[in-house]
Number of protein chains: 2
Amino acid sequence: MKSAILTVGTEILFGSILNTNAQYLSEQLRLIGHDVMYHFTVGDNPGRLKDLLAYAYHDCDLVITTGGLGPTEDDLTKEMIASYFGETIVEFPEQTKILKEHFEKRHSVFTENNLKQACFPEHAQILENPNGTAPGFLLEQDGKMIVSMPGPPREMKPMFENLVKPELLRRADAVIYYRNLRTTEIGESRLETELMDLIDGQTDPTLATYAGEGECTLRIASKRKTRAEAIDAVDDMMMQVLERVGNYVFSVDDEDLEDVVLDRLHMDMISLAAAESITGGMFAARVTDKPGVSAFFDRSCVTYSNRAKMELLGVYKSTLDKYGAISPECAAEMAEGLHKKSKCDLCVAVTGNAGPNPDEGKEVGRYYIGVWYKGEVTVSEHFRQGDRGRIRRDACFNMFKQIYKVLFNKSLT
Amino acid sequence: MKSAILTVGTEILFGSILNTNAQYLSEQLRLIGHDVMYHFTVGDNPGRLKDLLAYAYHDCDLVITTGGLGPTEDDLTKEMIASYFGETIVEFPEQTKILKEHFEKRHSVFTENNLKQACFPEHAQILENPNGTAPGFLLEQDGKMIVSMPGPPREMKPMFENLVKPELLRRADAVIYYRNLRTTEIGESRLETELMDLIDGQTDPTLATYAGEGECTLRIASKRKTRAEAIDAVDDMMMQVLERVGNYVFSVDDEDLEDVVLDRLHMDMISLAAAESITGGMFAARVTDKPGVSAFFDRSCVTYSNRAKMELLGVYKSTLDKYGAISPECAAEMAEGLHKKSKCDLCVAVTGNAGPNPDEGKEVGRYYIGVWYKGEVTVSEHFRQGDRGRIRRDACFNMFKQIYKVLFNKSLT
C-alpha cells in the first residue's frame, strides 16, 4: 500500500522538536510491506492541512496523521479530515463518558472545550488512547484510508502498535516476516561477498545488509500468504547463512551486543567490575541503564587522574613513568589491579586519548582495553578516527566486544 | 519570508534515519525571521520531486532542499530544480577542477559519473562544500529563491551557517537579534507571572518562555533596522528581566547549567570527584564529554554494590544496615568518605532507586544527593516520576544543580 505521513504541529516547523513520529511510522510501515511516499509537516492551519490531504491522496491509499487532536481551537486535524471526506463531526457519547471519568479520576475540572475530544467524523472507528485524553480514529472511504493519532510519541506509539498495526495487517494480502541477524568483526562488503549467490539468486526471502558502528546487520525477510510459510522460508535461509558466517553472528534475534554480553554475565552470575579512563563512566552508565544489573555489576572506577589510577587500582608509578597512562602496560595493570581490589570474576579496563590534542605523545583516537578473566589478562590495541564523542563511544562498544570475545571464547577475523 | 524545507532521501522515508536537517534548518530560519510553512520529504523520484517544488512555491518564496546532489543516477534534485525554473544544466569548469583536485589528493579514481557534481543550472550561484564532493547552489528567479544543499548534516550545516545564512540576512529588510536567558528553580508559569506586563505589553522586543527538563529558557528577541538597534533593545529588556528574576538566571548566553558549573570549577581550579550509585557513571560521562576536564576532574567511584560503597568510600556497614543505601545518611557518608579518600575540593555523591521496582522499601524515583565543600556536607532529597532513563537523567542534572547552588552560594525557591 502506498502511504503518506502527515505530521501536524507548529513546534516541528519551529524546529523546537524533532519529528520522531515520521521516522517511527516509516519504519513500522516499511516492516509490514507499505511504501511510504511522502512525509509532510504542516502547522495548525486549516487550508494548508486540507490541501495537503488532497495532495497526498493523489498518489497514496493511506494517510497517517499525528497531532492536532487536542481540545483547543488550534487543533483542527479532525475537522479538516471530515471536510475532505465529506463527513459530519458528531459527538460519540461513549467517548464523552470515558473522558469525564478520566477527569474525575484526576480531580480535574472538565471544561466545555474538552468535549471536542469526544467528537469524530460520523463513520470513524475510534482508537482508544489509554495514555492521554485525545483518542485517535480510522476512517475508510472508496479505498482511501486515514488514520489519525495524537502527537505525543508516548501516546502515538502504543496506539499504532496495539490498534493500528493489527488493522493494517488484517487488510494486507500477504504477511511479511523478517529476522535481523547481527554480526561483528566482518565488514559489510565481505559479508556480501560470502553470501553473494544467496543475495543475488533470491527473490524471496530477500537478504539485505546494513552497516552499523562496529557491526553489520543482515536482514532476512519473506512475504508469503501465511505467517507460517514466511517463518519457514526465513528460518531455512537463516540456516544457510549461519553455515557460512555463523561465527560472526552474535544474535539471531536483533539483540545489541551489550545485551548479549550482559545477559550472559547475569545468567552465569559472573560478577563484573570496570576501570575507565577514556570512557569516563560511559561503560558503567550503559551497563546500569538496564534494570537488574546489581545482581552481578559491582563497580566502576572512573580513574581520570593518574593519582586515582594508583590509589583505586594499584597501578605502579613506575609503569606510568615508563610507559605512560595511555599504554597496553597500564591497561593490563588497571585490569589486574581492579581484580585484586574488587575480587570480581571479570574485570575490564580502558585507557586512551579521546582528544582533541595528542597526550603523552599518543595520537588522538588511540586506546587500550584490558580484560582480566579466569586469571589471565588480555590486552587489545584500538584506534578510531573522529571527534571526541565518536572515539569514546567506539571505546565503550569495544569494551563490550572484548568481553564478548573472552566470554564466548571467540577469536574472530 | 515564507519558506519550505524539502528533504530528498529514500533512507528518511524508510525510517532508517531521523530527519534532523529539517529541524536544524527550521530553527535557523526562525531565528532570522523566516516563517517555515512546510516540511516535505520525498524519495529520489523525479516526478514527485518536481510536483512538490511547484506545490511549495504556491505559498512560499524560499525553498531549501537537502539531499540528492550526489554523483549517481538516483540523484535528481538538481535536474528537477533546473526543469522547474526552465534552466539548462551546464558544466562549471572551475568546479570540475576543484573536484579533480579533491580526488587526486585522496588518490581516488575520478570516474565519469562524478562530473555530474560539477554541473549546475546555468544561473546558479555555487555554494562551495569543503566537507564533501557535492557543492550546493542558490538560484533566484522572479522573486522565488531556491537553496540546494547536500544531505549529510556535517556538510549541510557549515554550508548553511557560512554561506546561506549571510545571503539570507543580506536580503532581509530587518535584523533579528536575540538572547536566551536560562533559568532554574522557577517554573514556567511563575516566570510568566513575574514578567506578565513585559510579555503582554511589548511588541518588540518580544519575550517568550520555553520549559525544559528542570529549567526554563527565556528568549528575548528584537527585529530592527540595524543590528546595533536590535542589540540595544534586547539588552535593555534583559536588564529589566534580571532585576525581577535574576536570581534564577544561571546563564545569559544560552549555556547549559553543567557548562556553567564545569567552567567555574575549571577557572577556580576546584578539584572534583564523584560517587555514583543510581546514575551509574552518567555524571562522570557527562563531565568527561568535555575536553580539558582532566585539569580538575579526578575520579568517579561508581559504587553500585554496597560492598563497593564500603570499600571505595568508607561508608559504614552500620549505616547501610540501619538506614539502607538509599538514604540521606548514606548520601552524606558517600560524599564525606569520598573527600577523605580523594582529598578533592568538591565531592558529590548520589544514591537512589531508578526502578523499575521498589528497593529497600524506597519508591522508584526517590534519590539523595550529598555535596561536600569546604568542610560541610549538604544533602538534598529528590523525587522524579517516570521511567528508569528519565529518573537517572534527572538525578544527573540535579547533581550539577546542587553543585551550582553550593558554588554560587544560591538558596533558590
Side-chain angles (χ1 to χ4, degrees), chain A residues 7 12-20 22-30 36-43 48 52 55 59 210 274 276 279-289 291 293-294 297-305 307-308 311-312 341-342 354-357 388-389 392, chain B residues 7 12-20 22-30 36-43 45 48 52 55 59 210 274 276 279-285 287-289 291 293-294 297-305 307-308 311-312 341-342 354-357 388-389 392:
Chain A
T7 40
I12 297 175
L13 294 180
F14 270 13
S16 312
I17 58 170
L18 251 173
N19 190 353
T20 55
Q23 185 193 23
Y24 170 81
L25 289 170
S26 288
E27 186 163 35
Q28 293 298 316
L29 289 172
R30 179 168 54 89
V36 176
M37 315 295 281
Y38 300 105
H39 293 176
F40 301 115
T41 304
V42 69
R48 284 195 283 277
L52 272 179
Y55 191 89
D59 271 352
Y210 304 91
E276 305 181 58
T279 52
M282 284 171 82
F283 176 82
R286 290 278 282 272
V287 171
T288 58
D289 243 359
V293 292
S294 55
F297 181 60
D298 179 61
R299 73 184 68 175
S300 175
C301 300
V302 182
T303 50
Y304 221 58
S305 69
R307 185 164 66 84
E311 287 178 16
L312 294 178
K341 303 256 179 187
S342 72
N357 301 117
R388 191 172 171 85
R392 280 157 48 93
Chain B
T7 40
I12 298 174
L13 294 181
F14 270 12
S16 312
I17 58 170
L18 252 173
N19 190 354
T20 54
Q23 185 193 23
Y24 170 80
L25 290 170
S26 289
E27 186 163 34
Q28 293 297 317
L29 289 171
R30 178 168 55 89
V36 176
M37 316 293 281
Y38 300 105
H39 294 176
F40 301 114
T41 304
V42 70
N45 175 293
R48 284 195 283 278
L52 272 178
Y55 191 89
D59 271 353
Y210 304 92
E276 305 181 58
T279 52
M282 284 169 83
F283 176 82
V287 171
T288 58
D289 243 359
V293 292
S294 55
F297 181 60
D298 180 61
R299 73 184 69 175
S300 176
C301 300
V302 182
T303 50
Y304 221 58
S305 69
R307 185 164 66 85
E311 287 178 15
L312 295 178
K341 302 257 179 185
S342 71
N357 302 115
R388 192 172 170 85
R392 280 157 48 94

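We name chains A, B, ... by the order of the sequence lines, and we start the count at 1 in each one. Given the structure is predicted, the values throughout are model-derived calculations rather than measurements.
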So which part of B/L13 gets closer than 4.5 Å to some heavy atom of chain A, the side chain, the backbone, both or neither?
-> both

Using a cut-off of under 4.5 Å for heavy-atom pairs, which of A/Y55, A/F297, A/F283 has the most such pairs with chain B?
-> A/Y55

Does B/R299 reach the main-chain N or O of A/R307 with its side chain, forming a donor-acceptor pair under 3.5 Å?
-> no

A/V302 versus B/V302, closest heavy-atom pair with distance | CG2-CG2, 4.1 Å

Which atoms of B/D298 come close to chain A, meaning under 4.5 Å heavy atom to heavy atom: side chain ones, backbone ones, both, or neither?
-> both

Contact origin within A/T7 toward chain B - heavy atom pairs under 4.5 Å = neither

Give the ring-plane orientation class for A/F40 versus B/F40, where under 30° counts as parallel, over 60° as perpendicular and anything between as tilted.
-> perpendicular

Are B/E276 and A/S300 close enough that some pair of their side-chain heavy atoms sits under 4.5 Å apart?
-> no

Atom group of B/L52 that falls short of 4.5 Å from chain A, counting heavy atoms | both

For B/L312 against A/L312, the heavy-atom pair lying closest together | CD2-CD2, 3.8 Å

Selection from A/Q28, A/R30, A/R388 maximising heavy-atom pairs under 4.5 Å formed with chain B = A/R388

Test item: B/E311 and A/S342 side chains (from C-beta on) under 4.5 Å apart, heavy atoms | no

Region of B/N45 in contact with chain A, defined by heavy-atom distances below 4.5 Å = neither

So which of B/A22, B/G15, B/S16 has the biggest tally of heavy-atom pairs under 4.5 Å with chain A?
-> B/G15

Using a cut-off of under 4.5 Å on heavy-atom pairs, state which of B/A284, B/S294, B/P291 scores highest against chain A.
-> B/P291

Toward chain A, the part of B/I17 with a non-hydrogen atom under 4.5 Å = backbone

Please look at A/N357 and chain B and tell me whether the side chain, the backbone, both or neither of the residue comes under 4.5 angstrom of a heavy atom of that chain.
-> neither

Applying a strict 4.5 Å limit to non-hydrogen atoms, the region of B/T303 in contact with chain A is backbone

Looking only at A/E27, A/M282, A/R392, most heavy-atom pairs under 4.5 Å shared with chain B are made by A/R392

Between A/G281 and B/A285 the two heavy atoms that sit nearest each other are C-CB, 4.0 Å

Residue A/D289 versus chain B: region with a heavy atom under 4.5 Å = both

